[in-house]
There are 2 protein chains.
Amino acid sequence: MKKDLRIIKTQESLRHALLSLLKTKSIETITIAELCRLAQINRGTFYLHYKDVHEVFKEYLDVIVEDLRKSYEEPYYKTNYKIKDITADMIKIFHHVKKYQDFYQIIFDERIPMMYYYLLFDTVRTFMRDSIEEGLLTSQPDLQVDYLISYQTNAILGILIEWHRQEYKTSIKELNMQLITIVSLHNPIRMHGND
Amino acid sequence: MKKDLRIIKTQESLRHALLSLLKTKSIETITIAELCRLAQINRGTFYLHYKDVHEVFKEYLDVIVEDLRKSYEEPYYKTNYKIKDITADMIKIFHHVKKYQDFYQIIFDERIPMMYYYLLFDTVRTFMRDSIEEGLLTSQPDLQVDYLISYQTNAILGILIEWHRQEYKTSIKELNMQLITIVSLHNPIRMHGND
DNA sequence: ACTTTTAATGAACACATGTTCAATAAGTTT
DNA sequence: AAACTTATTGAACATGTGTTCATTAAAAGT
């Protein structure tokens, strides 16, 4: 059940044209008509595959997020809920964002729809869910774990927002240090024996 | 230096028309032409005041966020960086979001630009900045406080995102309890003597 | 009340959007 | 290779976008 070659060709042309246009102008100023002219695709054909320019961009983002997911699956030594473990995971995210900085500058732009943010949120959220220790749930029976996970996930994204606002000038090493300091503040009892 | 009455009338007409349209359709489907027809405003006049439909909506949001800011300025007993203080502040935000639920359902919608999220972020962020104890900065000289504040601010917004996704079904009382539990998890040493 | 200032209007323009439909061309099956 | 299936095309249409400009009308200043 392979996909029709014509579809692949059309979508590739559009993606390629979008990347080309993004080099000189912001995604918000790129029109469907303009994109189709450059890709040499009939405008009606565009609507057979996408609703707007953002949906073409989202296909790139899916690939990028998949890369993040893969980097996360790399095995490493896991112990229970410790600062070192959490930060080790989060550092991967920092590296990832830096690697695809050009894209994340778009994702965090104020004119862009929330959907991209949520895509990142949901991805990081699955990582967070996996890092919850089992003992926590039994020791805190009243805790609705979804709230905890969203809290922790968005806290990390808060770091990324701040990094974005400071135009990615902070080095990953420095960012890493800041995160460890912040998490340590919230976990003063666990300061000893780590790092 | 008062504003021209005609401007006020035009803007009020447009705001009123937008509210009316929002009762039956989503903001993303409302066109400038449609808005102007209902408001009985020439479309060219619209462009003298706004760039797009979102800018009209944003005027409402400015009022709403101002309401949040005011509620926050209510004096209450402040001690140093304790769970009770933080949660007391955050509960105000929960009440505020519930009060304007219809608006926040729009703000957290995935099709909506990030600008609204950032407006809320920046507002809550100023509250967070004010609640940082002075001793912290001297005891942690290497900490870039902007990262800490953005981390904490976005963590709270993470709770709101989760609330939104659960269609605001969680009661404020329950949400409050969840927050206290979560913050307590991160501050195990301070569990005693609070609440 | 009269004058000055400026906001709102309507018409026009080029271009974008979103959709339909018959004709064509390209890919897939046999 | 022929028959099929279906993606793409171009044309057309109504509507929306963003801008310009002379004209009108309403508010502000005197």
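In what follows, every chain begins at residue 1, and chains take the letters A, B, ... in the order their sequences are listed.
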Send over the distance from [X] [atom1] to [N] [atom2], rounded to a whole Å.
X	N	atom1	atom2	answer
L35(A)	dC15(C)	CG	C1'	16 Å
D52(B)	dG18(D)	CG	C1'	12 Å
Y50(A)	dA7(D)	OH	C1'	14 Å
I32(B)	dT17(C)	CD1	P	13 Å
F46(B)	dG16(D)	CZ	P	14 Å
Y47(B)	dA7(C)	OH	C1'	18 Å

**Asked** Do K92(B) and Y72(B) meet the cation-pi criteria used here (NZ or CZ under 6.0 Å from the six-membered ring centre, within 45° of the axis)?
**Response** yes
Look for any protein N or O under 3.5 Å of an N or O in nucleotides 8-10 of chain C and output each such pair with its distance, or none.
residue: dA8(C); atom: OP1; partner: R6(B); partner atom: O; Å: 2.8
residue: dA8(C); atom: OP1; partner: T10(B); partner atom: OG1; Å: 2.2
residue: dA8(C); atom: OP2; partner: H49(B); partner atom: NE2; Å: 2.7
residue: dT9(C); atom: OP2; partner: N42(B); partner atom: N; Å: 3.0
residue: dT9(C); atom: OP2; partner: T45(B); partner atom: OG1; Å: 2.8
residue: dG10(C); atom: N7; partner: N42(B); partner atom: ND2; Å: 3.1

**Non-hydrogen side-chain atoms of E28(B) and H54(B) separated by less than 4.5 Å** = yes
**Asked** Under a 4.0 Å N-O cut-off, is there an ion pair linking E162(A) with R125(B)?
**Response**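 Here E162(A) pairs with R125(B) in a salt bridge, since their nearest N and O are under 4.0 Å apart.
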**Request:** Using a strict cut-off of less than 4.0 Å between a Lys/Arg side-chain nitrogen and an Asp/Glu carboxylate oxygen, indicate whether R165(A) and D146(B) qualify as a salt bridge.
**Result:** no
**Asked** In a check of side-chain hydrogen bond (donor to acceptor under 3.5 Å, both in side chains) between Y50(A) and each of E55(A), E59(A), K58(A), which one passes?
**Response** E59(A)
**Prompt:** Quick one: on DNA chain D, does L5(B) or V53(B) contact a more 5' nucleotide (nearest heavy atom)?
**Reply:**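 Looking at the nearest nucleotide for each, V53(B) comes out on the 5' side.
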**Request:** Applying side-chain hydrogen bond (donor to acceptor under 3.5 Å, both in side chains), name anything that partners E167(A), two or more places apart in sequence or on another chain.
**Result:** K169(A)
**Item:** Matching residue for Y117(B) among Y117(A), Y118(A), F108(A), Y116(A) - test: ring-ring contact (aromatic ring centres under 6.0 Å, His included)
**Value:** Y117(A)
**Message:** Quick check: F103(A) with F57(A) (ring centres under 6.0 Å apart)?
**Reply:**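 Yes: the rings meet the under 6.0 Å criterion.
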**Prompt:** What is the bend of the helix from dA1(C)-dT30(D) to dA26(C)-dT5(D) when you compare the axis at one end with the axis at the other, using five pairs each and rounding to 10°?
**Reply:** 40°
